[in-house]
There are 2 protein chains.
Amino acid sequence: MDTRRSTPVRHNTIPPEACSTDLRRRLLRESPFFADLTGGDIDRVNARFNDVGYEPGRAIIREGDPATRLGIVAAGVVKLFNYGDSGNLVLIDVLGPGDHFGSIAGFGPDTYQESAQASDLVCALQIDASVFRTLLETIPAIAVRAVEVLSNRLRLSHELVRQLGAHNAESRVAYVLKRLATRFGRSWEHMTLIDVSLSREEIAAMAGIQTETCSRILSAMRRDGIVEAGRGWVAVRDPARLE
Amino acid sequence: MDTRRSTPVRHNTIPPEACSTDLRRRLLRESPFFADLTGGDIDRVNARFNDVGYEPGRAIIREGDPATRLGIVAAGVVKLFNYGDSGNLVLIDVLGPGDHFGSIAGFGPDTYQESAQASDLVCALQIDASVFRTLLETIPAIAVRAVEVLSNRLRLSHELVRQLGAHNAESRVAYVLKRLATRFGRSWEHMTLIDVSLSREEIAAMAGIQTETCSRILSAMRRDGIVEAGRGWVAVRDPARLE
DNA sequence: CGCTGCCTTGATCTTCTTCAAAACGTGTGG
DNA sequence: CCACACGTTTTGAAGAAGATCAAGGCAGCG
């Protein structure tokens, strides 16, 4: 019964071929930041962005680099992370299409506080932070949307803080899985497959625990029929029992 | 040498008598949200706010209540908290003048995710979330400022996540103290007194640890001359050695 | 002056980390 | 296509860190 899947079933999202041409326009219009804009404004904004493709594993921004750009994920998955005092990985967040990273508007510290790495093949739209700030100031609709995006992100972050405070490795892993399933879930064989390649180490780094502990917990959940998991992937079988 | 102060030296901030009249105008102008506004706009904004005073211990918003208002701390200290699965306290943040709480703009979930309680005598300016949203949309400068405020808060929240992930009770307490000292520090007897009344339980709840563990750690820090502490208060003597 | 609640300290126990080794998947090159 | 080698995952056992239980001390207050 415990047929551990031998192959991580998960489509390595491949943006057809980067995100060039006017596909960008559509992406921008769908991005939370610019959803309210009229056609003309979209064009104005579009002109200010450039798109960059990254192969899996490539660093997009690096902790400590001067914080000069704002990026928006157009396609693929980006991991936001850094390293704790003792060199241990901390995975702060996993980003999908529409999510932003980097410096919002030239506010705050002048260097990035975290690194961003492409997990998939990623296409990211990027803009100079000061240029974005000018856009904010000249097109009010963008600023209003930015407020919405940020307050949502802040709420999620508070939720994460709350959960990390409720110490207990198992419930933290459960929370991480629930969150990932909501954000990146794809229906697959009567389960919700988390459609992102995540190692045990990375899941552990999101829950603030150790790799081995994470592995043990996932094994137990698999035994109990709550999840299905293999090398680099997890699927949620019984969301209700994730507490 | 270990003369543990018998009286928590800390001035219980008392707003002269609430925050009425046009003192409000000044407060609004100093608040991060409205710093850029012209006189006329300040008046427009001012008219939409009302001020409410709270005695120490009073609940300002309660987790689960319909999220209809945005509040800004004008004077005093507000604690943002809720309770984990097992009924344990989680102190998400401590707010001072200029900080906001509640619903930013009618976005997000329709109930508050956390409770807010007055620690001091508090004066809070409050506005209906939908009214605030209208202000955002009609006065672009507010939206731009809101973006700045939110991105700062988000950055701080990410920093907290990072710190909670870097597991080790002592360094987490150190981080909490450093953060509080920066935000609420007042120079006192060659030390930095954290000018907020915080019990051991509350400090523990910010670091995600247990009350007793927190007490032990603070005792050790006191032994090492890093901090001075008493009932309900902590002062940092040697910030450098807080790692 | 004694009550109440916060803080401290000790002892024990649970949980998670750490160290170690084996099993398994995956991609590689023959 | 198969076998090998590498990195990930799993599992075990020992150890440490922190939680929990319990009791005593101290401050503030009626």
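Below, chains carry the letters A, B, ... as their sequence lines are ordered, and counting in each starts from 1.
- Pairing each heavy atom of I92(A) with each of L160(A), the nearest pair is O-CD2, 4.1 Å.
- Comparing E201(B) and E170(A) by the nucleotide of DNA chain C whose heavy atom lies nearest to each, the residue mapping closer to the 5' end is E201(B).
- Here T213(A) pairs with A169(A), I209(A), Q210(A), I217(A) under the side-chain contact (heavy atoms from CB on, under 4.5 Å) rule; sequence neighbours left out.
- If you measure from atom CZ of R216(A) to atom C1' of dA14(D), you get 11 Å, rounded to the nearest angstrom.
- Secondary-structure stems of DNA chain D, taken as three or more successive Watson-Crick or G-U wobble pairs (i with j, i+1 with j-1) under a 3.5 Å distance threshold, comprise C:1-5 with D:26-30, C:8-15 with D:16-23, C:17-30 with D:1-14.
- Taking 4.0 angstrom as the limit, R200(A) places a side-chain polar atom (N or O) nearer than this to OP1 or OP2 of dT10(D).
- Listed nucleotides: dT20(D), dC16(C), dG25(D). Nearest to the side chain of R231(B): dG25(D).
- Listed by chain and number, the residues in a side-chain contact (heavy atoms from CB on, under 4.5 Å) with T211(A) are R200(A), E201(A) (sequence neighbours excluded).
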### Message
Working note: E212(B) + R216(B), criterion salt bridge (charged side-chain N to carboxylate O under 4.0 Å, His left out); need CA distance, chi angles, decisive distance, verdict.
### Response
CA-CA 6 Å; E212(B) 294 94 328; R216(B) 276 180 246 269; over 6 Å; no
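- Qualifying side-chain contact (heavy atoms from CB on, under 4.5 Å) partners for L156(B), counting only residues two or more places apart in sequence or in other chains: E159(B), R179(B).
- Rounded to whole Å, atom C1' of dC6(C) lies 14 Å from atom CG of L198(B).
- Under the side-chain contact (heavy atoms from CB on, under 4.5 Å) criterion, R241(B) pairs with D224(B), I226(B), D238(B), not counting sequence neighbours.
- Scanning for salt bridge (Lys or Arg N to Asp or Glu O under 4.0 Å) contacts around D93(B) gives an empty result, with sequence neighbours left out.
- Side-chain nitrogen and oxygen atoms of R222(A) include at least one within less than 4.0 Å of the OP1 or OP2 phosphate oxygen of dT10(D).
- We find that CG of N88(A) is positioned 17 Å from P of dC16(C), with the value rounded to whole Å.
- Pairs engaging residues 58-89 of chain A under the ring-ring contact (aromatic ring centres under 6.0 Å, His included) rule: F81(A)-Y83(A) [sequence neighbours left out].
- Residues of residues 202-215 of chain B that place a heavy atom closer than 4.0 Å to DNA chain C, in numerical order, are E212(B), S215(B).
- Between the P atom of dT8(D) and the CG atom of L89(A) lies a distance of 12 Å, rounded to the nearest Å.
- The listed nucleotides are dA13(D), dG18(D), dC16(C); the one nearest the side chain of N168(B) is dG18(D).
- For F101(B), there are no ring-ring contact (aromatic ring centres under 6.0 Å, His included) partners two or more places apart in sequence or in a different chain.
- Nucleotide dT10(D) holds its P atom 11 Å from the CH2 atom of W233(A), rounded to whole Å.
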